[in-house]
A.B. asks: 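My questions all concern the structure below.
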Number of protein chains: 2
Amino acid sequence: MSTAERKTKEKEELRALILKGAKKLFIERGIEQTTIRNIADEINYSVGTVYVYFKDKNSILHELHTLGFKQLGGEMRVLFSVSEPMERLAAIGRVYIRFAVDNPDMYDLMFNMKAPMEYLHRIEKEEWNEGKATFNVLKTTVEECIRQGYFIGHQPEPLSFAIWGGVHGMCSLYIRGRIRAVNLGDPEIVLIAAHEEFVKLLNKQ
Amino acid sequence: MSTAERKTKEKEELRALILKGAKKLFIERGIEQTTIRNIADEINYSVGTVYVYFKDKNSILHELHTLGFKQLGGEMRVLFSVSEPMERLAAIGRVYIRFAVDNPDMYDLMFNMKAPMEYLHRIEKEEWNEGKATFNVLKTTVEECIRQGYFIGHQPEPLSFAIWGGVHGMCSLYIRGRIRAVNLGDPEIVLIAAHEEFVKLLNKQ
DNA sequence: TTGAAATATTGAACAATGTTCATTTATTTT
DNA sequence: AAAATAAATGAACATTGTTCAATATTTCAA
C-alpha cells in the first residue's frame with residue numbers, strides 16, 4: 001500500500017471516528033446538548049481537527065441523518081417479504097413508528113430538523129435522495145395496493161404523501177412532547193393505538 | 001385611577017409591547033433569527049428590561065404560542081356553523097392547513113418547537129390547555145360523526161389523535177422543507193392534494 | 001417643594017456556542 | 001539530516017441567552 005493510499009484510509013478513519021463520537025454523544029445526551037467541543041473531547045482531538053474533516057456542524061448532522069436513513073432502510077427492507085401489499089403498508093407504518101420511538105433524536109434529525117435540509121441547500125443540491133428513497137418504498141406499496149383494487153378513486157402520489165404525513169405526524173407529536181401534554185395516557189400507547197385507527201381507515205373499501 | 005392602578009396598566013402595556021415587537025420580528029425574519037437584543041432594540045428598551053418582564057426566552061415564546069392558539073381558535077370557531085360533522089371535519093383540516101401555510105413560524109412554535117413545552121415543564125404545569133382545547137374541537141366533531149353512524153368500529157379518542165396527526169404531519173413536512181425536498185411539485189399544492197386524499201379516506205363507510 | 005424611599009431601567013459582563021486561522025507538531029520526501 | 005508537505009492545535013472572535021450591580025426615574029410624606 002502506498003503512502004497516499006494509507007493517508008486516504010487514515011483520513012476516512014478519522015472522519016468515521018468523528019461521526020461515531022458525534023452519534024454516541026447525541027444518543028446519550030441529545031442532539032441539542034452535543035457541541036463540537038464535546039465531540040472533539042470525546043475522541044481526544046481538538047476542535048480545529050473536527051473542522052478539518054467537516055465544514056460545519058450541519059455537515060456532521062447531515063451525515064448522521066444519512067446513517068439514520070441507512071438504518072431505517074434496512075429495517076424496511078425486511079418487509080418486502082410481506083407479499084400482501086395492504087398488510088405491508090401497515091407493517092411499514094409499524095416499523096416507522098418503532099424506529100421513531102427507539103431512536104427519537106435520530107428520527108427528529110431525519111424528519112424534523114432543519115440542519116440536513118440546510119446542508120443540501122448550502123451544497124446547492126436540490127435532491128434529498130434519502131427521503132425520496134424512503135418515500136418510494138411507501139409509494140411502490142401504495143401502487144401495488146391500487147393494482148389489487150384498493151384505494152379506488154385515489155391518486156397514488158398524493159395519497160402516499162398523505163399516508164407518510166399521517167404516520168409522521170403522530171411520531172412528531174410524540175417526539176415533540178405534544179402527546180404527553182394533551183394528557184391522553186401513556187404516550188407510546190396512544191401513538192400505537194392511533195396508528196391502529198389509521199390502519200383501519202386505510203383498510204376500508 | 002390610583003397610582004398603583006396606572007402602574008399595573010403601564011406594566012401590562014410594556015409587556016404587551018415586548019410581545020408585539022417579538023411577534024413582528026419573528027414574522028419578519030423567523031423565530032430562530034430573533035434574539036432578545038433584537039426585540040429590545042425594536043421597542044427601544046434595553047435587554048435588561050425584557051428580562052424584568054419575562055423570565056427567559058421560553059416565556060416569551062410560550063406567550064406568543066398562546067396568542068397563536070387564540071388566532072387558530074378564532075378561525076375554527078366559525079366552523080361551528082357547519083352542521084354536517086363530516087363536512088366540518090374536512091373544513092377543520094382545511095382551516096388548520098391554511099393557518100400553517102399562512103403562519104408557518106407560528107405553527108412551528110405551536111406544534112413543533114420545544115420552547116412552549118419546556119416553559120410548561122419549568123413552571124411545573126402538566127396541562128397544555130391550548131393544545132387540549134384545540135384537540136377537543138376535533139374530538140367533539142369526531143364524536144358527532146360517530147353518533148351519525150360514521151367511523152364504525154373506531155375508538156373516538158385514538159381516531160381523533162390519528163386525524164390530528166395526519167393533518168399535522170403533512171403541515172410539518174411542508175414547514176420543515178421535506179415536501180420541497182422530495183420534489184413532487186409545488187409544495188403547497190401537494191399539501192392540499194394530500195389533504196383531499198386524506199378526506200376521501202375519512203369519508204369511506 | 002423637597003428629598004428619601006421605592007421602582008424602573010440600564011448595559012457591561014459572563015458563560016456557552018459555532019467558527020476561523022496563524023502557529024505548532026508530525027510526517028514524508030529529497 | 002534538511003526541506004517540504006500535511007495534520008493537528010487551541011487561542012481568539014462573534015453571537016447567543018442571561019444576570020445583576022449601578023443608574024435613573026417616580027412616588028409621596030413632610
Side-chain angles (χ1 to χ4, degrees), chain A residues 1-19 21-22 25-26 29-64 109 113-119 121-123, chain B residues 1-19 21-22 25-26 29-64 109 113-119 121-123:
Chain A
M1 178 162 55
S2 76
T3 325
E5 277 171 339
R6 181 171 50 75
K7 282 218 161 183
T8 308
K9 208 183 122 198
E10 277 174 3
K11 273 202 204 163
E12 273 168 15
E13 277 169 2
L14 185 41
R15 212 184 139 83
L17 184 66
I18 293 168
L19 287 174
L25 290 179
F26 148 85
R29 58 169 87 175
I31 196 160
E32 313 249 85
Q33 277 63 51
T34 301
T35 70
I36 304 283
R37 281 172 183 79
N38 294 155
I39 298 170
D41 276 5
E42 174 69 27
I43 59 171
N44 295 312
Y45 276 88
S46 70
V47 214
T49 303
V50 175
Y51 277 91
V52 169
Y53 289 82
F54 292 92
K55 195 192 179 302
D56 54 22
K57 203 181 180 184
N58 280 349
S59 303
I60 300 178
L61 293 180
H62 176 266
E63 198 123 336
L64 285 176
L109 175 61
M113 289 186 61
K114 287 168 182 164
M117 298 297 111
E118 278 166 1
Y119 172 83
H121 195 259
R122 180 172 65 70
I123 65 166
Chain B
M1 176 162 58
S2 77
T3 321
E5 276 170 341
R6 182 171 49 76
K7 285 218 159 185
T8 308
K9 207 183 124 201
E10 277 172 4
K11 274 203 205 165
E12 273 169 15
E13 276 168 2
L14 185 42
R15 212 184 140 85
L17 184 66
I18 292 168
L19 287 174
L25 290 179
F26 148 84
R29 56 167 91 175
I31 194 160
E32 313 248 87
Q33 276 63 52
T34 301
T35 70
I36 304 284
R37 280 172 185 80
N38 294 156
I39 297 170
D41 277 4
E42 174 69 27
I43 59 171
N44 296 311
Y45 277 88
S46 70
V47 216
T49 304
V50 175
Y51 276 91
V52 169
Y53 289 81
F54 292 92
K55 195 190 179 304
D56 54 21
K57 202 181 180 185
N58 280 350
S59 303
I60 299 178
L61 294 179
H62 176 266
E63 200 122 335
L64 284 176
L109 175 62
M113 290 185 61
K114 287 169 181 162
M117 298 297 109
E118 278 167 2
Y119 171 83
H121 195 256
R122 181 173 65 72
I123 66 167

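A, B, ... follow the sequence lines: proteins, then strands. Residue 1 opens every chain. Computed over heavy atoms, backbone and side chain alike; hydrogens, waters and symmetry mates excluded.
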A.B. asks: Of the residues in residues 36-45 of chain A, which ones touch DNA chain C at a heavy-atom distance under 4.0 Å?
C.D. replies: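 Listed by number, they are A/I36, A/R37.
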A.B. asks: Going 5' to 3' along DNA chain C, which nucleotides are the first and last within contact of chain A (any atom under 4.0 Å from a heavy atom)?
C.D. replies: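 Going 5' to 3' along DNA chain C, contacts run C/dT17 to C/dT29.
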A.B. asks: Assign each of B/T34 and B/G48 to its nearest nucleotide of DNA chain D by heavy atoms, then name whichever residue's nucleotide is nearer the 5' end.
C.D. replies: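 It is B/T34 whose nearest nucleotide is closer to the 5' end.
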A.B. asks: According to side-chain contact (heavy atoms from CB on, under 4.5 Å), who are the partners of B/K11, at least two apart in sequence or on a separate chain?
C.D. replies: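 B/Y53.
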A.B. asks: Going by the rule side-chain contact (heavy atoms from CB on, under 4.5 Å), which residues pair with B/A115 if we only count those two or more places apart in sequence or in a different chain?
C.D. replies: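 Only B/N58, B/L61 meet the side-chain contact (heavy atoms from CB on, under 4.5 Å) criterion with B/A115.
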A.B. asks: How would you list, by chain and number, every residue that makes a side-chain contact (heavy atoms from CB on, under 4.5 Å) with A/Y51, sequence neighbours excluded?
C.D. replies: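 Expected list: A/I36, A/V47.
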A.B. asks: With A/E10, which residues qualify under side-chain hydrogen bond (donor to acceptor under 3.5 Å, both in side chains), at least two apart?
C.D. replies: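 A/E10: side-chain hydrogen bond (donor to acceptor under 3.5 Å, both in side chains) contacts with A/R6.
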A.B. asks: Take the C1' atoms of the five end pairs on each side of the helix from C/dT1-D/dA30 to C/dT30-D/dA1, derive the two axes, and give their angle rounded to 10 degrees.
C.D. replies: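 For the helix from C/dT1-D/dA30 to C/dT30-D/dA1, the axes at opposite ends meet at about 20°.
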A.B. asks: Hey, which of these two, A/K55 or A/E32, hits DNA chain C nearer its 5' end, going by closest nucleotide?
C.D. replies: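 Comparing both residues, the 5'-ward one is A/E32.
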A.B. asks: For the CE atom of A/M117 and the NZ atom of A/K114, what is their distance to the nearest 0.5 Å?
C.D. replies: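 Answer for the CE-NZ pair, A/M117 versus A/K114, is 12.5 Å.
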A.B. asks: List the steps and the verdict of side-chain contact (heavy atoms from CB on, under 4.5 Å) for A/R122 and A/K55.
C.D. replies: CA-CA 11 Å; A/R122 180 172 65 70; A/K55 195 192 179 302; 3.0 Å; yes
A.B. asks: Going 5' to 3' on DNA chain D, which nucleotide is the first and which the last to come under 4.0 Å of a heavy atom in chain B?
C.D. replies: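 Listed 5' to 3', the contact boundaries are D/dT16 to D/dC28.
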A.B. asks: Among residues at least two apart in sequence or on other chains, which ones pass salt bridge (charged side-chain N to carboxylate O under 4.0 Å, His left out) with A/R37?
C.D. replies: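 A/R37: no salt bridge (charged side-chain N to carboxylate O under 4.0 Å, His left out) contacts found.
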A.B. asks: Would you mind reporting whether B/Y45 and B/L17 have side-chain heavy atoms less than 4.5 Å apart?
C.D. replies: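 SC-SC contact between B/L17 and B/Y45 confirmed.
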A.B. asks: Out of curiosity, A/E32 CD to A/F26 CZ, how far, rounded to the nearest 0.5 Å?
C.D. replies: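 Reported to 0.5 Å precision, the distance equals 10.5 Å.
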A.B. asks: Please name all residues satisfying side-chain hydrogen bond (donor to acceptor under 3.5 Å, both in side chains) with B/T35, sequence neighbours left out, ordered by chain then number.
C.D. replies: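 Checked B/T35 against side-chain hydrogen bond (donor to acceptor under 3.5 Å, both in side chains); matches are B/N38.
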A.B. asks: Can you list the residues that meet the side-chain contact (heavy atoms from CB on, under 4.5 Å) rule with A/L19, with sequence neighbours excluded?
C.D. replies: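 Checked A/L19 against side-chain contact (heavy atoms from CB on, under 4.5 Å); matches are A/F54, A/I60, A/E63, A/L64.
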A.B. asks: Among residues at least two apart in sequence or on other chains, which ones pass side-chain hydrogen bond (donor to acceptor under 3.5 Å, both in side chains) with B/T49?
C.D. replies: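 side-chain hydrogen bond (donor to acceptor under 3.5 Å, both in side chains) list for B/T49, sorted by chain: B/S46.
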